[in-house]
There are 2 protein chains.
Amino acid sequence: MRRSEFWLQALRQGGYRLTAARRAVVRVLAESEHTLTPAEIYQAGRRFYPALGLVSVYRTLEKLEELGLVQRVHRAEGCNTYFPSAEGHQHVLLCRRCQQAVFFSGDDLEPLVGRLQAETGFRIERHWLQLFGLCSACREKEEKDDE
Amino acid sequence: MRRSEFWLQALRQGGYRLTAARRAVVRVLAESEHTLTPAEIYQAGRRFYPALGLVSVYRTLEKLEELGLVQRVHRAEGCNTYFPSAEGHQHVLLCRRCQQAVFFSGDDLEPLVGRLQAETGFRIERHWLQLFGLCSACREKEEKDDE
DNA sequence: CCCTTATTGAAAAGATTTTTCAATAAGGGC
DNA sequence: GCCCTTATTGAAAAATCTTTTCAATAAGGG
Ligand SMILES: [Mn+2]
Ligand SMILES: [Mn+2]
Ligand SMILES: [Zn+2]
Ligand SMILES: [Zn+2]
C-alpha cells in the first residue's frame with residue numbers, strides 16, 4: 001500500500017474525516033523525499049486543491065504527528081520542517097543543500113548510554129541523532145559552482 | 001578563569017564593548033547548568049541589571065553564538081534554548097523535567113558514518129546527537145509524585 | 001576629559017502560529 | 001440516495017516570538 005493511502009486510512013481509524021484539505025496535505029508529504037515546511041506543503045497542496053488554507057495544513061500536521069505518522073525535523077536554519085516518521089528505530093541523514101532526507105538505522109549507542117547512566121545518574125530515555133551532509137547530486141552541483 | 005570572565009574577554013577581543021546589558025546576559029548564561037530561553041535570560045538578567053531590555057538579550061546571544069561561546073539547544077517543546085558551547089567534540093544529555101544539561105563525549109559514530117557514506121553517496125559533514133532523560137534529582141521527585 | 005560611534009531600550013514592524021467564527025460538507029443512520 | 005449532526009473548513013483576528021528602526025546614551029581610545 002502506498003504511504004498516502006495508509007495515512008488516509010489511519011486518519012479515518014483515528015476518527016477523523018477525510019477531506020479535500022487533508023487529502024492534499026497527505027498527498028504532498030507522504031510521497032516527499034524532502035523535508036517540507038508548512039508553507040511549502042501549503043503551496044504544493046494548492047496545486048491539487050486550490051482552496052486549501054494554510055490553517056488546515058497546520059491542523060493536519062498536528063493530527064498526523066499525533067498519530068505518529070509525521071515527525072518534525074529540526075535544522076540549524078529552522079525547526080519547522082516535516083517528514084514522514086521513521087518506521088521502527090531509524091534516524092535521518094539530511095542534505096544541507098536540497099533538503100533530501102534518507103532514513104538509516106544501525107546506530108549503536110547502547111554502550112554509550114549505559115556508561116553515561118552509570119556516570120551521571122541520569123535515566124536516559126531517548127535520543128536524537130541526525131546526520132548532515134551533501135547528497136551525491138548536490139555534491140556534483142557544488143563542484144560545478146566552484147569552477 | 002571563570003567562564004563568564006572568559007566570555008567577557010572574548011567579546012572584547014571580538015571588538016565588542018563591555019556593557020551592563022552584556023555583562024548581565026553573560027553572568028546568567030555562562031554559569032548556568034540549565035538551558036535557558038531568551039525570556040528566562042531576560043528575567044534572570046534583570047535581577048542584576050534592572051534596565052536590561054529583551055532586545056539586548058537577543059543581540060548578545062547572537063554575538064556569543066557568532067563567537068562560538070554559546071549554542072542553541074533544540075527540544076521537542078521548543079528550539080529556542082541556549083547553553084554554553086561544548087569544548088571540543090561533545091554533545092549534551094538533557095533532563096526533560098528541569099532542563100539540566102550535561103556534556104558528554106565518546107560517541108563513536110565513525111563506523112556508522114563511513115558505512116552510510118558508502119551506501120548512500122552522501123558526504124557526511126556533521127552530526128547532532130542529544131540524549132534525553134531524567135536527572136537523578138528529578139527521578140526522585142517524580143517517584144514522589146507517583147505516590 | 002573629550003569625541004566618536006557602538007550600543008541601548010522602547011516602540012514599531014515582521015514572521016509565524018494559534019484561535020475564533022460562521023459557513024460548509026463528511027459520513028453514519030435511515 | 002437523502003437527512004442530520006457535527007467535525008472541519010478558510011478567512012480574519014489574535015497571540016507569540018523575533019527583528020528592525022531610531023533617538024538617546026555611554027564605552028573606551030586618544
Ligand atoms: Mn538511535
Ligand atoms: Mn559526536
Ligand atoms: Zn542535496
Ligand atoms: Zn532534572
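So that the names make sense, note that chain A is the first sequence line, chain B the second, and so on, each numbered from 1. Just so it is clear, the values below take in all heavy atoms, side chains as well, and ignore hydrogens, waters and symmetry mates.
Under a 3.5 Å cut-off, the side chain of Ser56(B) and the backbone N or O of Leu52(B) do not form any donor-acceptor pair. Proximity of a side-chain donor or acceptor of Gln130(B) to a complementary backbone N or O of Leu94(B) within less than 3.5 Å is not detected. Side-chain N or O atoms of Arg2(B) include none that pairs as donor or acceptor with a backbone N or O of Ala30(B) at under 3.5 Å. Judged purely by atom type and a 3.5 angstrom limit, Gln99(A) has no side-chain atom pairing as donor or acceptor with the backbone of Leu36(A).
Within the 4.5 Å cutoff, side-chain heavy atoms of Leu109(B) are placed close to those of Leu129(A). Counting only heavy atoms from C-beta outward, the side chains of Pro84(A) and Trp7(A) approach each other to under 4.5 Å. In this structure, Arg22(A) and Val25(A) have side chains that are not in contact, with every pair of non-hydrogen atoms separated by 4.5 Å or more.
With the end axes of the helix from dC1(C)-dG30(D) to dC30(C)-dG1(D) each set by five pairs, the angle from one to the other reads 50° at 10° resolution.
Contacts of Ala39(A) with the nucleic acid, taken as non-hydrogen atoms under 4.0 Å apart, are absent.
To the nearest angstrom, P of dT8(C) lies 10 Å from CG of Leu11(B). Note: OH (Tyr42(B)) to P (dC17(D)) measures 14 Å, nearest angstrom. Look at CG on Leu54(A): it is 14 Å from P on dT19(C), rounded to the nearest Å. With rounding to whole Å, Leu52(A) atom CG is found 16 Å from dA25(C) atom C1'. A straight line from CD of Glu40(A) to P of dT16(C) spans 11 Å, rounded to a whole angstrom. For Gln43(B) and dC17(D), the CD to P distance is 12 Å, given to the nearest whole Å.
Distances shown here put a side-chain N or O of Arg22(B) below 4.0 Å from the OP1 or OP2 atom of dT7(C). Here Asn80(A) does not reach the OP1 or OP2 of dT16(C): none of its side-chain N or O atoms lies under 4.0 Å away.
With distances taken from any side-chain atom of Ser56(B) to the nucleotides dT8(C), dT18(D), dT16(C), the minimum falls on dT8(C). For Tyr58(B), taking side-chain heavy atoms from C-beta onward, the closest of the listed nucleotides dG9(C), dT18(D), dG10(D) is dT18(D).
Within 6.0 Å of CZ on Arg126(B) lie no more than 12 heavy atoms contributed by other residues, nucleotides or ligands.
Using cut-offs of 30° and 60° on the angle between ring planes, the pair Phe104(B) and His91(B) is tilted.
His74(B) and Trp128(A) have their aromatic ring centers separated by at least 6.0 angstrom.
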Atom pairs, protein N/O to nucleotides 26-30 of chain C N/O, distance under 3.5 Å:
{"from": "dA26(C)", "atom 1": "N3", "to": "Arg17(A)", "atom 2": "NH1", "distance (Å)": "3.0"}
{"from": "dG27(C)", "atom 1": "OP1", "to": "Arg12(A)", "atom 2": "NE", "distance (Å)": "3.4"}
{"from": "dG27(C)", "atom 1": "OP1", "to": "Leu18(A)", "atom 2": "N", "distance (Å)": "2.6"}
{"from": "dG28(C)", "atom 1": "OP1", "to": "Arg12(A)", "atom 2": "NH1", "distance (Å)": "3.0"}

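Residues of residues 60-74 of chain B having a heavy atom closer than 4.0 Å to DNA chain C: none are found.
Just one residue in the list Arg72(B), Gln90(B), Gln71(B) forms a side chain to side chain contact (heavy atoms under 4.5 Å, CB included) with Ser85(B), and that residue is Gln71(B).
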